[in-house]
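Working notes, beginning with the structure itself.
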Amino acid sequence: MNKKLYFTVGPSELYPTVAQHVQSALDEKVGVISHRGKQFEAIYKNANDGIRTLLNIPSDFHIFFLSSATEIWERIIENCVEHTSFHCVNGSFSKRFSEFSTELGKKAFIEKADFGKGFYPDKINVPAEAEIICLTYNETSSGVSMPVEDINKFREKNKEALIFVDAVSALPYPKLDFSKIDSTFFSVQKCFGLPAGLGVWIVNQRCMDKANSLLKKGKSIGTYHTLPSLLSKGKDNQTPETPNVWNIYLLSKVVEDFNKKGVDTIRKETELKAKMLYDYIESSQNFSFAVEDVRLRSFTTIVANTKISAADINKKLEPFDMAIGSGYSSYKDTQVRISNFPANSVEQMETLVKKMKELFN
Ligand SMILES: *Cc1c(COP(=O)(O)O)cnc(C)c1O
């Protein structure tokens, strides 16, 4: 039996109630029921309503279930871009999103920042021809965040362009202002503490209108997961394909738990735990901040430069049943990434920090 606690940024530790929800899913035969039946429609609606409450999503936004955030990147370009997109790129996730645009034959304008750096919206001029603006709330590879007040500045200068926020490794932490953005999305294996294989896409009417206008012009916007197709089934609490019913059920249950706990409590705990980790990094001989600008340091993905590789750190943490994440790709040995998700409790974070202080000072 693996008793280890994972402080890794994706896949990541399961939320503590998942085991009991898996049992109730078996009891209710969630893996067997038809996705065209009443039981599934109730699960779909429960997940949808719960997410709307949790994130305070206005009624003119739709919530759709897809297979992953990676799929959502592709659907955004297909459904909402005729010619040009604009992307703030400062790490591998934001970069990959921008590549989808070019791979689908569109022109992608890139505003680039170095790894570990972020963006200063006052200094950014989005070309007028950009139909969509793609922002990453939390660049999971580097631990750089774009604060909500910075995201909101894009709307002031760009009234026409649709604004998409990749909030995959952060929601429900950020209190997004839905009057300033058109869409956001996440996948469940990060901060929702669930097994991977489900992406949630939140879009407003402007995104729907854009997809429909492209259709009217005779453009292809994809096949089963176009926005109009998602909406036409979504209205009946269904999906175009046989979906990941199992995970939609588990998500609905974990979101119920989050709502019972209260999103404000989750946000406060996230800040408390982030402070523990950052205070430790500041005082440590082995670690140092990977993100210089304190305003842009992530609350959910704590990244530090390290003198000891994550592999060696994890060897020492192993007897205590804990593991942290390595740096991304070429930063594998020189950085560590520590998840600070709702599934990592305050007590567990205290235990981790205490043990790291003992072992590595
Ligand atoms: C993990 C991640 C993705 C991709 O999510 P998948 O579920 O693997 O498709 C996209 N964006 C960010 C910021 C991520 O952290």
Side-chain angles (χ1 to χ4, degrees), residues 6-15 51 64-78 85 87-101 103 108 110 113 115-119 132-148 150-151 163-174 176 181 183-202 225 243-244 246-248 250-251 254 270 290-291 296-303 325-329 331 335-344:
Y6 288 83
F7 296 87
T8 49
V9 295
S12 25
E13 195 51 63
L14 296 183
Y15 199 64
I51 293 165
F64 298 128
F65 301 112
L66 293 85
S67 67
S68 66
T70 303
E71 186 195 350
I72 295 167
W73 285 338
E74 180 166 288
R75 302 302 172 223
I76 289 169
I77 305 295
E78 287 175 337
S85 59
H87 305 256
C88 284
V89 173
N90 62 339
S92 48
F93 290 97
S94 46
K95 178 164 181 275
R96 193 71 193 107
F97 190 2
S98 73
E99 287 166 357
F100 277 32
S101 183
E103 285 174 27
I110 311 283
F115 194 85
K117 302 271 194 296
F119 298 96
I132 72 169
I133 296 173
C134 302
L135 308 173
T136 302
Y137 174 81
N138 191 57
E139 177 46 76
T140 319
S141 60
S142 67
V144 176
S145 198
M146 181 179 281
V148 171
D150 291 4
I151 288 173
I163 298 175
F164 290 86
V165 179
D166 175 341
V168 171
S169 52
L171 282 175
Y173 173 69
L176 295 174
I181 63 171
S183 173
T184 187
F185 54 95
F186 62 88
S187 37
V188 299
Q189 79 277 17
K190 307 277 172 84
C191 294
F192 287 77
L194 288 165
L198 183 65
V200 177
W201 189 13
I202 299 157
H225 271 178
N244 189 340
W246 184 262
N247 227 341
I248 295 172
L250 295 179
L251 176 62
V254 163
T270 302
V291 179
L296 306 188
R297 270 177 214 153
S298 170
F299 282 94
T300 53
T301 309
I302 287 35
V303 183
S326 62
Y328 194 86
S329 188
Y331 295 86
Q335 291 193 337
V336 292
R337 291 180 301 159
I338 303 176
S339 64
N340 179 26
F341 296 167
N344 308 119

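Counting starts at 1 for both ligands and their atoms, in listed order. The chain is numbered in sequence order, starting from 1.
- The cationic atom of K190 (NZ for Lys, CZ for Arg) does not lie both less than 6.0 Å from the six-membered ring centre of Y137 and within 45° of the ring axis.
- Looking at T70 against ligand 1, both its backbone and its side chain come within 4.0 Å, counting heavy atoms.
- Short contacts between ligand 1 and N138, defined as distances under 4.0 Å to a heavy atom of the residue, involve ligand atoms 13 (C).
- In this structure, F97 and F185 have perpendicular ring planes: the angle between them is above 60°, well past the 30° mark.
- Taking each heavy atom of C191 and F341 in turn, the nearest pair found is SG-CD2, 3.4 Å.
- In terms of heavy atoms, L194 sits closest to L14 at C-CD2, 3.6 Å.
- Neither the backbone nor the side chain of E139 has a heavy atom within less than 4.0 Å of ligand 1.
- The two residues L135 and I151 make their nearest non-hydrogen contact at CD1-CG2, 4.1 Å.
- Closest to atom 11 (N) of ligand 1, if we only count protein heavy atoms, is D166 OD2, 2.7 Å.
- Taking a 4.0 Å cut-off on heavy atoms, Q189 registers as neighbouring ligand 1.
- With a heavy-atom cut-off of 4.0 Å, F97 does not touch ligand 1 at all.
- Polar contact check, A69 against ligand 1: a nitrogen or oxygen pair lies under 3.5 Å apart.
- Atoms of ligand 1 found under 4.0 Å from any heavy atom of S169, numbered from 1 in the order shown, are 15 (O).
- Closest of all the heavy-atom pairs between G118 and N90 is CA-ND2, 4.0 Å.
- Looking only at side-chain heavy atoms (C-beta outward), V144 and V303 stay at 4.5 Å or farther from each other.
- Taking each of T300, T140, I72, V9 in turn, the one with a heavy atom nearest to atom 15 (O) of ligand 1 proves to be T140.
- For atom 5 (O) of ligand 1, the candidate residues are P11, S187, A196; the nearest heavy-atom contact is made by S187.
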Would you please test E139 and K95 for salt bridge (Lys or Arg N to Asp or Glu O under 4.0 Å) and show each step? CA-CA 10 Å; E139 177 46 76; K95 178 164 181 275; over 6 Å; no
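- Of all the heavy atoms of K190, the ones lying under 4.0 Å from any atom of ligand 1 belong exclusively to the side chain.
- Closest to atom 10 (C) of ligand 1, if we only count protein heavy atoms, is W73 CZ2, 3.2 Å.
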